[in-house]
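Any value given below was found using the heavy atoms of this structure, including those in side chains, with hydrogens, waters and symmetry copies removed.
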Amino acid sequence: LHSFMRWPRNLLTDSGGFQMVSLLKLAQITEEGVQFQSPVDSSLMLLTPEKSIEYQNAIGADIMMALDDVVSATLPDRHRVEEATHRTFRWLDRCIKAH
């Protein structure tokens with residue numbers, strides 16, 4: 001990625017968590033990760049915390065974001081917000097181990 005961008009400095013990459021929110025109607029969030037239905041061909045794809053780190057390592061990221069269970073800041077469901085927060089911490093542990 002550094003060569004492609006001709007950028008000799010640090011690169012920060014995203015985990016894919018935000019995309020999880022944007023495709024929520026096509027995604028199922030579980031403890032394992034996020035299963036997406038491709039909007040292109042309807043095939044199923046699974047993004048796990050480990051795969052997110054693997055992909056970010058593969059492209060040479062210097063600063064990587066852990067996969068998180070993203071919920072809307074305006075979500076009124078307190079239980080879902082707490083669930084997402086706790087899951088994000090568990091996924092963070094998996095991301096660190098995978099790195």
From [X] atom [atom1] to [Y] atom [atom2], the distance as rounded to the nearest 0.5 Å:
X	Y	atom1	atom2	value
Trp91	His86	CH2	NE2	14.5 Å
Asn57	Ser52	CG	OG	10.0 Å
Leu46	Glu32	CG	CD	4.5 Å
Met64	Asp14	CE	CG	13.0 Å

*Considering residues at least two apart in sequence or located in another chain, which fulfil the salt bridge (charged side-chain N to carboxylate O under 4.0 Å, His left out) criterion with Arg9?*
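Per chain and number, Arg9 pairs via salt bridge (charged side-chain N to carboxylate O under 4.0 Å, His left out) with no residue.
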_Ignoring hydrogens, what is the shortest heavy-atom contact between Cys95 and Leu67? Give both atom names and the distance._
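That closest heavy-atom pairing would be SG-N, 3.7 Å.
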*Look at the side chain of Thr88 and the backbone N and O of Asp68, then say whether any donor-acceptor pair between them is shorter than 3.5 Å.*
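No; judged by distance alone, with no hydrogens or angles, the pair does not exist.
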*asked:* Using the rule that Ile, Leu, Val, Met, Phe, Trp and Tyr join whenever any side-chain heavy atoms are under 4.5 Å apart, tell me whether Met65 and Ile53 fall into a single cluster.
replied: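 No: no chain of side-chain contacts under 4.5 Å links Met65 to Ile53.
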I'd like to check the side-chain contact (heavy atoms from CB on, under 4.5 Å) partners of [X]; sequence neighbours left out, ordered by chain and number.
X	value
Tyr55	Leu47, Lys51
Leu11	Leu1, His2, Met5, Trp7, Asp62
Asp93	none

*Quick one: name the residues clustered hydrophobically with Leu44, using the 4.5 Å side-chain heavy-atom rule over I, L, V, M, F, W, Y, and just say none if it's on its own.*
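Its cluster partners, ordered by chain and number, are none at all.
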*With side chains defined as the heavy atoms from C-beta onward, is the minimum distance between Arg94 and Glu50 less than 4.5 Å?*
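Contact flag for Arg94/Glu50 side chains = yes.
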Tell me, please, which residues at least two apart from [X] pass side chain to side chain donor-acceptor pair (under 3.5 Å).
X	result
Glu83	Arg80
Thr13	Gln56
Asp41	Ser38, Ser43
Arg87	Glu31, Asp69

